[in-house]
Amino acid sequence: MNATVIAPADSAPASPPAAAPEGAPVGAIANAVNSWFGLHARDLPWRRDGFGAWGVLVSEFMLQQTPVTRVIPHLEAWLARWPTPADLAAVPPGEAVRAWATLGYPRRALWLHAAAVEIAENHGGVVPEDVDVLLTLTGIGDYTARAVAAFAYGHRHPVVDTNTRRVIARCVAGQAEPAPPSRTRDLAAMDALLPADASAAAVFNAGAMELGALVCTSARPRCSDCPLAALCAWRAAGYPEYRGPKKTVQKQFAGSDRQVRGLILAELRSTRHPVTDAEITTLWPEPTQLARALAGLLADGLVTEVAQGAYSLPHE
DNA sequence: AATCCGTGGTA
DNA sequence: TTACCAAGGAT
């Protein structure tokens with residue numbers, strides 16, 4: 001069943017291509033991806049000329065685990081309201097959590113606000129361009145730091161997200177799915193493919209992600225449309241199924257603490273008045289789980305107790 | 001290093 | 001209907 005789900009629609013070649021993928025020049029992969037990207041890249045807001053480093057940074061926060069189509073409207077509203085880091089830093093974090101709406105993982109809104117404060121206070125209100133500096137900001141990790149440096153500032157760095165990891169796993173390693181993430185290994189693998197020219201490198205970073213998002217997808221990859229088909233080690237090997245460590249399964253959402261936290265936060269977003277314990281009690285039938293969820297939100301700083309048994313989004 | 005963290009679309 | 005999974009990061 002596993003291989004059935006993953007295996008692409010078109011069949012493997014009867015015999016492996018004469019040119020072994022390992023023998024293909026490294027530059028061939030980047031060349032093919034960049035040519036394809038030039039023809040098929042989606043017209044996304046953050047790819048417009050002059051979109052700005054702040055816009056790129058906000059987009060990357062929003063895109064952490066949330067699909068492109070859900071991000072775009074919120075991103076544009078966000079940037080219209082807070083055109084600079086200082087604009088966001090000037091409002092309470094609860095405003096960011098409220099504007100985040102249903103994008104999910106509301107801690108990201110809190111982290112984005114914290115990053116804006118850090119940029120305003122420590123970096124003159126300008127989004128840093130060095131990876132090492134970006135990494136010091138709240139909510140920015142290995143992916144986002146390099147994405148901002150590469151896409152907003154044109155610096156040459158390997159940018160590795162889940163799409164790129166999958167493309168490399170298949171095309172280079174000949175495996176159906178990537179091994180569990182490894183910072184060192186993943187960055188080295190992408191670095192080995194990266195064009196020397198910074199501009200071409202930035203295109204390749206974006207192109208590999210785009211290819212993984214549109215063609216080299218997790219389920220039902222469209223190999224017949226893939227610019228790397230002739231270079232792909234997974235294809236050449238006849239699409240062997242994944243044999244690595246078992247992927248961790250995401251816990252069921254229904255009935256989870258996540259769901260309860262979401263219900264409480266949705267209630268807090270719906271009003272600017274404090275929400276009382278009595279009102280929160282109506283949101284979920286199990287008091288123990290409800291209390292645990294509320295305690296978690298308080299500990300995370302997503303909720304503030306403004307009076308005994310009354311709660312709101314964080315003020316400061 | 002494994003687990004936790006929201007929400008909604010899709011097959 | 002259920003299961004998968006989507007430009008990750010923090011702990």
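Lettering follows sequence order; numbering is per chain, from 1. Since the model is a prediction, treat every value here as computed from it, not as a measurement.
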NA contact type, [X], heavy-atom cut-off 4.0 Å: base, sugar-phosphate, or nothing?
X        : answer
A/Pro180 : nothing
A/Thr164 : nothing
A/Asp300 : nothing
A/Gly141 : sugar-phosphate
A/Gln252 : sugar-phosphate
A/Leu110 : nothing
A/Ile140 : sugar-phosphate

Over how many whole Å does the gap from [X] atom [atom1] to [N] atom [atom2] extend?
X        : N     : atom1 : atom2 : result
A/Lys251 : B/dT7 : NZ    : P     : 15 Å
A/Gln250 : C/dT2 : CD    : C1'   : 13 Å
A/Ile264 : B/dT7 : CD1   : P     : 11 Å
A/Arg146 : C/dA7 : CZ    : P     : 19 Å
A/Asp161 : C/dC5 : CG    : C1'   : 14 Å
A/Trp100 : B/dT7 : CH2   : P     : 12 Å
A/Arg183 : C/dG9 : CZ    : C1'   : 14 Å
A/Leu103 : C/dG8 : CG    : P     : 14 Å

* Stepwise, does the ring-ring contact (aromatic ring centres under 6.0 Å, His included) test hold for A/Phe61 with A/Trp111? -> CA-CA 9 Å; A/Phe61 267 83; A/Trp111 293 340; 7.9 Å; no
Do the side chains of [X] and [Y] get close enough for a salt bridge, i.e. N-O under 4.0 angstrom?
X        : Y        : value
A/Arg170 : A/Glu177 : yes
A/Glu210 : A/Arg47  : yes
A/Arg146 : A/Glu60  : no

Side-chain N or O of [X] closer than 4.0 Å to phosphate OP1/OP2 of [N]:
X        : N     : value
A/Thr102 : B/dG8 : yes
A/Arg269 : B/dT7 : yes
A/Thr144 : C/dG8 : no

For [N] and [M], measure between their [atom1] atoms and round to the nearest Å.
N     : M      : atom1 : answer
B/dA1 : C/dA10 : C1'   : 13 Å
C/dT1 : B/dG8  : C1'   : 16 Å
B/dC4 : C/dA7  : P     : 23 Å

* To do: Check DNA chain B against residues 58-75 of chain A and give the residues with a non-hydrogen atom under 4.0 Å, in numerical order.
  => A/Gln65, A/Thr66, A/Arg70
* To do: For residues A/Trp46 and A/Phe151, establish whether the separation of their ring centroids is below 6.0 Å.
  => no
* Ring centre gap for A/His74 and A/Trp78 strictly below 6.0 Å -> no
Let me check something: any side-chain donor-acceptor pairs from residues 295-310 of chain A under 3.5 Å, sequence neighbours excluded? List them with distances.
residue  : atom : partner  : partner atom : Å
A/Asp300 : OD2  : A/Arg261 : NH1          : 3.0
A/Asp300 : OD2  : A/Arg261 : NH2          : 2.8
A/Glu305 : OE2  : A/Gly309 : N            : 3.0

* To do: Indicate whether the side chain of A/Ser256 and that of A/Gln259 have a donor and an acceptor atom separated by less than 3.5 Å.
  => no
* Structure fact -> Taking for A/Ala266 and for A/Thr248 the nucleotide of DNA chain B with the nearest heavy atom, the one nearer the 5' end belongs to A/Thr248
* Could you please name the option among B/dG6, C/dA7, C/dC5 that lies closest to any side-chain atom of A/Ser218? => C/dC5
* Under 3.5 Å donor-acceptor, A/Glu267 side chain and A/Ile280 backbone -> no
* Where each residue is assigned the nucleotide of DNA chain C containing its nearest heavy atom, which of A/Trp111 and A/Arg42 is assigned the position nearer the 5′ end? -> A/Arg42
